[in-house]
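Everything below concerns the one structure shown next.
Fair warning: this is a prediction, and the values are worked out from it, not measured in the lab.
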Amino acid sequence: MVLVFVASMGCTRSPEPSIGPTTATRPATGIVIRDRLGRDVVFAEPPQRIISLWPATTELMFAIGAGAQLVGATDHCDYPAAAKQLPRVGAGTLESVSRETIIGLEPDLVLCKWDYQEPLVDTLERLDIPVLAVGADQLAELYDEAILLGRVCDHETESQAMVAKMKRDVDVLTQLVAKIPEPNRPSVFYEVWDEPLMTAGPSTFIGEMLRLAGLKNIIHDTTASYPNVSSEVVVARDPELILAPSSHASAVVLQKLRTRQGWGEISAIRNDRLHLISGDCISRCGPRLVIALEEIIDAAYGPDSTGRIGEPTTLEDEKP
């Protein structure tokens, strides 16, 4: 076993992310990790058999050069191409994840989403399976988590390079946005889901991408992460731009948005300013957020506004 639990079943936990980002220190005996549930875990040596239960975390592992240490993932862990070849442990929901399959893969670490999969953390602990609760919700947290996983997996140099490149790319894009006059920055409605109608609040990473793009989120007055909203509210606040991911459960069809009852008078509809953003890039707080940010800026200000940052930030080649 490559790690032992310093504080596990008996530790005090908070459901709020206010505990702060994951942190790492290096005692003489290894690395101590404080994860997003406030659990301290000691790694005596880098884990070599890791299961990721969250698509964004899987992407991050490949991006820092640690993809070869993955031995299992969920059905939705589909990027990069090499991730599709990993053994599947379920769809990622608490009901679908197969504990038997996880045990059979003999992992020395399982990476769980801190909030969505918190009950699974307890289950894995009772099975004596090492687990870390991770999952960034903001860019700064993503950077921290990349560095932390790099330390844990012995890919610190690669993780630092990945973070440095992401920061450079984001800086390039935000500098372009800074040159756009305030009156030219449109108000926006971002549709996370259609039935029920759901959007992204300002505290989410999607809200952060809208803000970095210089856009004015019409749902700015909420503390909820992903609140349900009524069509009447969207019509009343009259966004100049409407964005949505390229897919919900199935592909998003912009024509369906155009023909919603009452939406014909929305400025974005009247001026045909509806755009789709690559779903997996914008819906995962992972290395491809830079691509999502670029697409949002292109949608808001025109396809020549960014100069094309290009391919996702990754240090590991995709393998068929």
Side-chain angles (χ1 to χ4, degrees), residues 1-5 8-9 22 24 30-31 33-37 39-136 141-142 145-155 158-159 162 280 284-287 314-316 318-319:
M1 190 71 67
V2 300
L3 58 93
V4 294
F5 295 102
S8 55
M9 293 297 292
T22 48
I31 301 175
I33 302 296
R34 173 158 291 182
D35 71 6
R36 295 196 180 278
L37 290 174
R39 302 162 56 255
D40 287 345
V41 182
V42 176
F43 289 79
E45 57 188 40
Q48 298 301 317
R49 296 186 60 81
I50 303 171
I51 295 174
S52 171
L53 299 182
W54 200 248
T57 304
T58 301
E59 289 193 24
L60 185 57
M61 288 289 288
F62 277 97
I64 65 172
Q69 287 157 259
L70 291 174
V71 297
T74 72
D75 298 344
H76 300 293
C77 294
D78 56 5
Y79 188 89
K84 299 177 183 178
Q85 308 304 315
L86 294 169
R88 301 302 177 184
V89 299
T93 63
L94 297 176
E95 298 79 15
S96 69
V97 170
S98 170
R99 283 66 168 170
E100 292 79 9
T101 302
I102 290 176
I103 293 170
L105 291 171
E106 300 181 341
D108 47 22
L109 177 61
V110 176
L111 301 172
C112 290
K113 182 68 165 67
W114 71 270
D115 48 357
Y116 184 68
Q117 297 168 333
E118 181 179 0
L120 189 58
V121 174
D122 295 328
T123 299
L124 294 173
E125 285 184 354
R126 289 195 294 270
L127 294 171
D128 291 325
I129 296 175
V131 58
L132 277 177
V134 296
E141 294 177 358
L142 177 62
E145 198 153 283
I147 299 299
L148 179 138
L149 289 176
R151 290 173 182 164
V152 170
C153 300
D154 198 25
H155 288 276
E158 296 97 319
S159 65
M162 188 219 83
D280 287 345
R284 298 175 183 178
C285 190
T314 182
L315 295 173
E316 186 160 315
E318 292 188 41
K319 301 174 184 178

Main-chain N/O of Leu53 paired with Gln117 side-chain donor or acceptor, under 3.5 Å: yes
Nearest atoms (heavy-atom pairs only) where His155 meets Ala66: CD2-CB, 3.7 Å
Non-hydrogen atoms of Tyr116 and Thr93 that approach each other most closely: OH-CG2, 3.3 Å
Shortest non-hydrogen contact from Ala91 toward Ser96: N-OG, 3.0 Å
CG on Leu148 to CG on Asp35, rounded to 0.5 Å: 9.0 Å
Heavy-atom side-chain contact between Leu111 and Met61 under 4.5 Å: yes
Under 3.5 Å: donor-acceptor pair, side chain of Gln48, backbone of Asp108: no
Pairing residues for Ala136 by the side chain to side chain contact (heavy atoms under 4.5 Å, CB included) criterion, not counting sequence neighbours: Arg36, Glu141, Leu142, Cys285
Approximate separation, where rounding is to 0.5 Å, of Glu158 CD and Ile147 CD1: 10.5 Å
Reported OG1-to-CD1 distance for the pair Thr57 and Ile50, which is rounded to 0.5 angstrom: 11.5 Å
Gap separating the CG atom of Leu60 from the CG atom of Leu149, nearest 0.5 angstrom: 5.5 Å
Separation of Phe43 CZ from Ile31 CD1 (nearest 0.5 Å): 8.0 Å
Donor-acceptor pair, side chain of Thr74 and main chain of Gly92, under 3.5 angstrom: no
Close side-chain approach of Val131 and Glu125, heavy atoms under 4.5 Å: yes
Asp78 side chain near Pro55 side chain, heavy-atom distance below 4.5 Å: no
Heavy-atom closest contact (Ala146 atom, Met162 atom, distance): CB-CE, 3.9 Å
Side-chain donor/acceptor of Arg151 to backbone N/O of Ile33, under 3.5 Å: no
Residues forming a side chain to side chain contact (heavy atoms under 4.5 Å, CB included) with Leu127, sequence neighbours excluded: Arg99, Ile103, Thr123, Ile129
Contacts of type side chain to side chain contact (heavy atoms under 4.5 Å, CB included), residue Thr58, not counting sequence neighbours: Ser52, Phe62, Leu70, Ala73, Cys77, Ala83
Sequence neighbours excluded, every pair satisfying salt bridge (charged side-chain N to carboxylate O under 4.0 Å, His left out) that has a member inside residues 86-98: none
pair Val71-Pro87: side-chain heavy atoms closer than 4.5 Å: no
Beyond-backbone contact of Val121 with Arg39, side-chain heavy atoms, under 4.5 angstrom: yes
Residues that Asp280 engages under salt bridge (Lys or Arg N to Asp or Glu O under 4.0 Å), provided they are two or more places apart: Arg284
